[in-house]
Number of protein chains: 2
Amino acid sequence: MLGKTTEYAIRALVYIYIQNMERERPGFKEIAKMIDSPEQFTGKVLQNLARAELVSSMKGRGGGFFFNEPTNPITLFKVIEAIEGKEYFSKCGFGLKRCDANNPCPLHDDYAHVRDSFFKMVNEKTIQSLANKINKREATLNRL
Amino acid sequence: MLGKTTEYAIRALVYIYIQNMERERPGFKEIAKMIDSPEQFTGKVLQNLARAELVSSMKGRGGGFFFNEPTNPITLFKVIEAIEGKEYFSKCGFGLKRCDANNPCPLHDDYAHVRDSFFKMVNEKTIQSLANKINKREATLNRL
DNA sequence: TTATAAAAAGACATAGAGGTCTTTTTATAT
DNA sequence: ATATAAAAAGACCTCTATGTCTTTTTATAA
Ligand code: FES
Ligand code: FES
């Protein structure tokens, strides 16, 4: 459903948050290793996230990526929006120019339901909630 | 969610089915016009669908695309499978190599639910059922 | 104040999706 | 038989997602 870029972004932010809890500021090479993503490309993705102010970074010795605290919870939607664009959850599933409930495509009723539950989910889940699941060993960050 | 190619494919098949009910065998130029898709590319997509035996075609004067009757209902899943590949509904939403409920990613429970309702939908909806909605004027094929 | 370690930046490369153009094949009507 | 109309095929093209390589900037430690 989501592009690889967005997947890397979410996993990277979760890892950064976990490390921040240990008072660490990981760099992109370490992050890429831990989330199993291409190193340089992960750097680029993090640059974009920093520009979008979803994460902070410091250059130089001892630098790396981190969240300013207190951090407002970052929903997955914010990450998706920043990378895939604002229209991601309003497109017609049948491919029409616009989704319009008043002049629907033949898929509209069912598709809109699925799309909206996806939308609901990414608005409920946050980088922080995913990180907590991993810290409680209820879920895994990677499959190395 | 779905690629443009798949969207064209579904709309094209629906249009062909509607025309077949009127004893017509539309060609790809007519189809592309009616579903508002790029002409030549739509031809290619239909070639692939014909190879996958989701539709039949006849060359030569009076030729075009059609369904052999009696046609088994074609689920949207069959179309998606033919174009996007078999893994479309089994991927991990967090980007891990495999989705595994026994060693889940932190998104698994919620993502799998959304993914499975999408899967259920595309297995219930058929080219025929969408075409019928359009014929009953309950939905539109295009937005010209 | 110099060396070092880190992100930022920019140029480039690759693959796949999406799309166009031209030629070939084939069925039908005349 | 010949002209015509249609899909099939194949060679391209373009754009976007994804990914790599090299250089620059900047903060810190020694
Ligand atoms: S009109 Fe197609 S999904 Fe709403
Ligand atoms: S393990 Fe990630 S969705 Fe199932």
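In what follows, every chain begins at residue 1, and chains take the letters A, B, ... in the order their sequences are listed.
- When ring centroids are compared, Phe28(A) and Phe65(A) stay outside the 6.0 Å threshold.
- In this model, the phosphate group of dG18(C) is not approached by any side-chain N or O of Tyr8(B) to a distance below 4.0 Å at OP1 or OP2.
- In this structure, the CE atom of Met1(B) is 19 Å from the P atom of dA17(C), given to the nearest Å.
- Between Lys133(A) and Glu138(A) no salt bridge is recorded (no basic side-chain N to carboxylate O distance below 4.0 Å).
- Residue Arg51(B) places at least one side-chain N or O under 4.0 Å from the OP1 or OP2 atom of dA9(D).
- Between Asn68(A) and Ser56(A), the side chains place a donor N or O and an acceptor N or O closer than 3.5 Å (distance only, hydrogens not considered).
- Nucleic acid contact for Lys44(B): base, since at least one base atom lies under 4.0 Å from a heavy atom of the residue.
- Under 4.0 angstrom from either OP1 or OP2 of dA8(C) there lies at least one side-chain N or O belonging to Ser57(A).
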Practice prompt. With side-chain contact (heavy atoms from CB on, under 4.5 Å) as the test, would you mind laying out the steps for Leu107(A) and Leu76(B) before giving the verdict?
Written response: CA-CA 10 Å; Leu107(A) 262 188; Leu76(B) 299 192; 3.8 Å; yes
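- Taking atom CG of residue Asp36(B) and atom P of nucleotide dG19(C), one finds them 11 Å apart after rounding to whole Å.
- Comparing atom distances between the Arg61(A) side chain and each of dT4(C), dT18(D), dG18(C) picks out dT4(C) as nearest.
- In the set dA27(C), dA11(C), dA27(D), the nucleotide with an atom closest to the side chain of Met58(A) is dA27(D).
- For Pro38(A), counting side-chain heavy atoms from C-beta on, the closest listed nucleotide (dA9(D), dA7(D), dT20(D)) is dT20(D).
- Nearest nucleotide to the side chain of Lys4(B), out of dG19(C), dA7(D), dA8(C): dG19(C).
- At dG18(C), one or more side-chain N or O atoms of Thr5(B) fall inside 4.0 Å of OP1 or OP2 (strictly under the cut-off).
- Using a 4.0 Å cut-off between charged side-chain N and carboxylate O, Arg23(A) and Glu69(A) make a salt bridge.
- Lys29(B) places its NZ atom 12 Å from the C1' atom of dT22(C), with the value rounded to the nearest Å.
- Note on Gly43(B): nothing from the nucleic acid sits closer than 4.0 angstrom, heavy atoms only.
- The distance between atom CG of Leu46(B) and atom P of dA8(D), rounded to the nearest whole Å, is 8 Å.
- Between Phe66(A) atom CZ and dA6(C) atom C1' there is a gap of 13 Å when expressed in whole angstrom units.
- On a pure distance criterion of 3.5 Å, no polar donor-acceptor pair joins the side chain of Gln47(A) and the base of dA7(C).
- Under the 3.5 Å distance criterion, with hydrogens and angles disregarded, a donor-acceptor pair is assigned to the side chains of Ser37(A) and Thr42(A).
- For the pair Ile35(B) CD1 and dG18(C) P, the computed distance is 14 Å after rounding to whole Å.
- Spacing between atom CD of Glu39(B) and atom P of dA8(D) amounts to 14 Å, rounded to whole angstrom units.
- Heavy-atom nearest nucleotides on DNA chain D were determined for Phe41(A) and for Ile31(B), and the one closer to the 5' end corresponds to Ile31(B).
- If you measure from atom NZ of Lys59(B) to atom C1' of dT4(D), you get 15 Å, rounded to the nearest angstrom.
- Heavy-atom distances to DNA chain C give each of Gln40(B) and Arg25(B) a nearest nucleotide, and the one nearer the 5′ end belongs to Gln40(B).
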